[in-house]
Amino acid sequence: MLLHLSTWPEVEAYLKEHSGIILPIGSTEQHGPTGLIGTDAICAEAIARGVGEATQAVVGPTINVGMALHHTAFPGTISLRPSTLILVIQDYLTSLAQAGFTKFFFINGHGGNIATLKAAFSESYHTIGGLNLPNGDSIQCQIANWFTCSSVYKLAKELYGNEEGSHATPSEVALTQYVYPESIKTAPLSKQVASGYPIYGAVDFRRKYPDGRMGSNPALATPEHGKQLYDLAVQELTRSYLEFVKAE
């Protein structure tokens, strides 16, 4: 059940039986010479829809732009500041809590969102708790990073070994190839790829990682791998979502 393709009476009926909603969040940022700029949002959205179908949960609209300031020296990247993203999440949660949702399951596709999301949750608990909503003290949020699912991590290591890297990875590129096979990109990739440098500002990031990759070889990706990774992520996060909504 996709929120944006539903009517308010349908959502009202849903809320009589359920309190959970799945919210995909990603980023719009460079992913190396062959990775789509929307990779993180594409992956989160596809998996969220799969989990929604498996659990019959409402899936909210994808938050496509996240915290990617360190990628902004690469053309096409769009980023929110952490303070802005915190306010965006707080407004999302407040609106949905006023409607009656209490369990917010964020399927995340971008590591750079994690710290800001956790801060946003703390801000939101405090803010919503002061609104005197009927269930304002029952609001709960959880981050589910699809790329850290144990089954996904294991398969990625089996398929790609150390060439998985940590950004513009073959696993995430493979998933986008599965979702959008008509948009598979190719480009020359040097065998030497930077890795291991700490992340500071955007200019320094591009200086340290000149083609945008972080220890990865996305040339190893295939749509078939993407289907395998998708299935594993949906299965694991379906279990996680059901455990989350059932827990007190």
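Here the structure is a predicted model, which is why all the values come from computation and not from measurement.
In this structure, the side chains of Glu172 and Thr169 come closer than 4.5 Å at one or more pairs of heavy atoms. In this structure, Met214 and Phe205 have side chains that are in contact, with non-hydrogen atoms separated by less than 4.5 Å. Using a 4.5 Å cut-off on side-chain heavy atoms (C-beta onward), Pro223 and Ile184 make contact. Counting heavy atoms from C-beta outward, Pro33 and Leu189 have side chains that approach closer than 4.5 Å. Phe104 has its side chain out of reach of Gln142: every pair of non-hydrogen atoms, C-beta onward, lies at least 4.5 Å apart. Residues Ile89 and Leu93 are in side-chain contact: their nearest non-hydrogen atoms beyond the backbone lie under 4.5 Å apart. Considering only heavy atoms from C-beta on, Lys103 comes within 4.5 Å of Phe244 through its side chain. By the 4.5 Å heavy-atom criterion applied to side chains, Pro24 and Ile47 are not counted as neighbours.
Closest approach of Ala57 and Ile22 over heavy atoms only: CB-CD1, 3.9 Å. Across all non-hydrogen atoms, the minimal contact from Asn113 to Gly26 is ND2-O, 2.9 Å. Taking all atoms of both residues into account, the shortest heavy-atom contact from Asn217 to Arg213 is CA-NH1, 4.2 Å. Closest approach of Gln30 and His167 over heavy atoms only: O-NE2, 2.9 Å. For the residue pair Ala174 and Tyr160, the shortest heavy atom distance occurs at CB-OH, 3.8 Å. Considering every non-hydrogen atom in both Ala221 and Pro170, the closest pair reads CB-O, 3.3 Å.
Hydrophobic clustering of Ile, Leu, Val, Met, Phe, Trp and Tyr side chains at less than 4.5 Å, counting indirect connections, unites Ile25 with Leu2. Both Tyr178 and Tyr180 are assigned to one and the same hydrophobic cluster, defined by single-linkage of ILVMFWY side chains at heavy-atom distances under 4.5 Å. Linking Ile, Leu, Val, Met, Phe, Trp and Tyr residues whenever their side-chain heavy atoms come within less than 4.5 Å places Leu220 and Val179 in a single cluster. In the hydrophobic clustering of this structure, Ile143 groups with Leu237; members are Ile, Leu, Val, Met, Phe, Trp, Tyr whose side-chain heavy atoms approach within less than 4.5 Å, directly or through other members. Linking Ile, Leu, Val, Met, Phe, Trp and Tyr whenever their side-chain heavy atoms come within less than 4.5 Å puts Leu242 and Val234 in one cluster.
Asp40 and His31 share a donor-acceptor pair across their side chains, judged by distance under 3.5 Å alone. If you check the side chains of Glu29 and Thr77, you find no donor sitting under 3.5 Å from an acceptor. Between Ser150 and Glu236, the side chains place a donor N or O and an acceptor N or O closer than 3.5 Å (distance only, hydrogens not considered). For the residue pair Gln177/His225, the side-chain donor-acceptor check at 3.5 Å is not satisfied.
Rounding to the nearest 0.5 angstrom, the gap separating the CD atom in Gln90 from the OG atom in Ser95 is 10.5 Å. Rounding to the nearest 0.5 Å places CG of Leu3 at 7.0 Å from CG of Leu96. Here the straight-line distance linking atom CD1 of Ile63 with atom CD1 of Ile107 works out to 12.0 Å at 0.5 Å rounding. Atom OG in Ser195 sits 13.0 Å away from atom NZ in Lys208 (nearest 0.5 Å). Note that CG of Leu232 is 8.5 Å distant from SG of Cys149, once rounded to the nearest 0.5 Å. Once rounded to the nearest 0.5 Å, the distance linking OG of Ser124 with OH of Tyr92 reads 13.0 Å.
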Run the side-chain contact (heavy atoms from CB on, under 4.5 Å) check on Tyr230 and Cys43 step by step: do they pass?
CA-CA 8 Å; Tyr230 168 84; Cys43 294; over 6 Å; no

Given the rule in the side-chain contact (heavy atoms from CB on, under 4.5 Å) test, do Lys185 and Leu36 qualify, once you have shown the distances and angles that lead to the verdict?
CA-CA 8 Å; Lys185 310 292 184 179; Leu36 305 180; 3.7 Å; yes

Run Glu164 and Ser171 through side-chain hydrogen bond (donor to acceptor under 3.5 Å, both in side chains) and show every step you take.
CA-CA 7 Å; Glu164 166 71 353; Ser171 59; 2.5 Å; yes

Step by step, would you call His18 with Val245 a side-chain contact (heavy atoms from CB on, under 4.5 Å)?
CA-CA 9 Å; His18 310 281; Val245 295; over 6 Å; no

For side-chain hydrogen bond (donor to acceptor under 3.5 Å, both in side chains), just list the numbers for Asp204 and His70, CA-CA rounded to whole Å, side-chain angles, deciding distance to a tenth of an Å, and then say yes or no.
CA-CA 8 Å; Asp204 181 71; His70 51 294; over 6 Å; no

Would you please test Leu15 and Glu12 for side-chain contact (heavy atoms from CB on, under 4.5 Å) and show each step?
CA-CA 5 Å; Leu15 284 165; Glu12 187 170 70; 5.8 Å; no

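Checking side-chain atoms of Tyr209 against main-chain N and O of Tyr197 turns up a donor-acceptor pair under 3.5 Å. In this structure, Thr176 contributes its side chain and Val173 its backbone to a donor-acceptor pair below 3.5 Å. With hydrogens and angles ignored, the 3.5 Å screen pairs no side-chain donor or acceptor of Asn135 with any backbone N or O of Ala97. With hydrogens and angles ignored, the 3.5 Å screen pairs no side-chain donor or acceptor of Glu163 with any backbone N or O of Gly215. Listed for the Arg206 side chain is a donor-acceptor partner under 3.5 Å among the backbone atoms of Ala73. Without hydrogens or angle criteria, Asn108 side chain to Asn145 main chain gives no donor-acceptor distance under 3.5 Å. Thr34 contributes no side-chain N or O that, together with a main-chain N or O of Thr186, makes up a donor-acceptor pair within less than 3.5 Å. Remark: the backbone N or O of Thr84 is not paired with any side-chain donor or acceptor of Arg81 at under 3.5 angstrom. Under a 3.5 Å cut-off, the side chain of Thr55 and the backbone N or O of Val51 do form a donor-acceptor pair. Side chain of Thr28 to main chain of Ile78: no donor-acceptor pair is present (N/O by atom type, distance under 3.5 Å, no hydrogens or angles).
In the displayed structure, Tyr125 atom OH is contacted under 6.0 Å by more than 12 heavy atoms of other residues, nucleotides or ligands. Around the NZ atom of Lys157, the shell of radius 6.0 Å holds more than 12 heavy atoms that belong to other residues, nucleotides or ligands. Under a cut-off of 6.0 angstrom, the local environment of CD in Glu158 is crowded, with over 12 non-hydrogen atoms contributed by other residues, nucleotides or ligands. Taking a 6.0 Å sphere around CD of Gln192, one finds it holds 12 or fewer heavy atoms contributed by other residues, nucleotides or ligands.
Using cut-offs of 30° and 60° on the angle between ring planes, the pair Tyr14 and Phe101 is tilted. Using the six-membered ring where Trp is involved, Phe121 and Phe106 have ring planes that are tilted, between 30° and 60° apart.
Results of the side-chain contact (heavy atoms from CB on, under 4.5 Å) test with Met1 over Ile21, Val59, Val58 single out Val58 as the only residue that passes.
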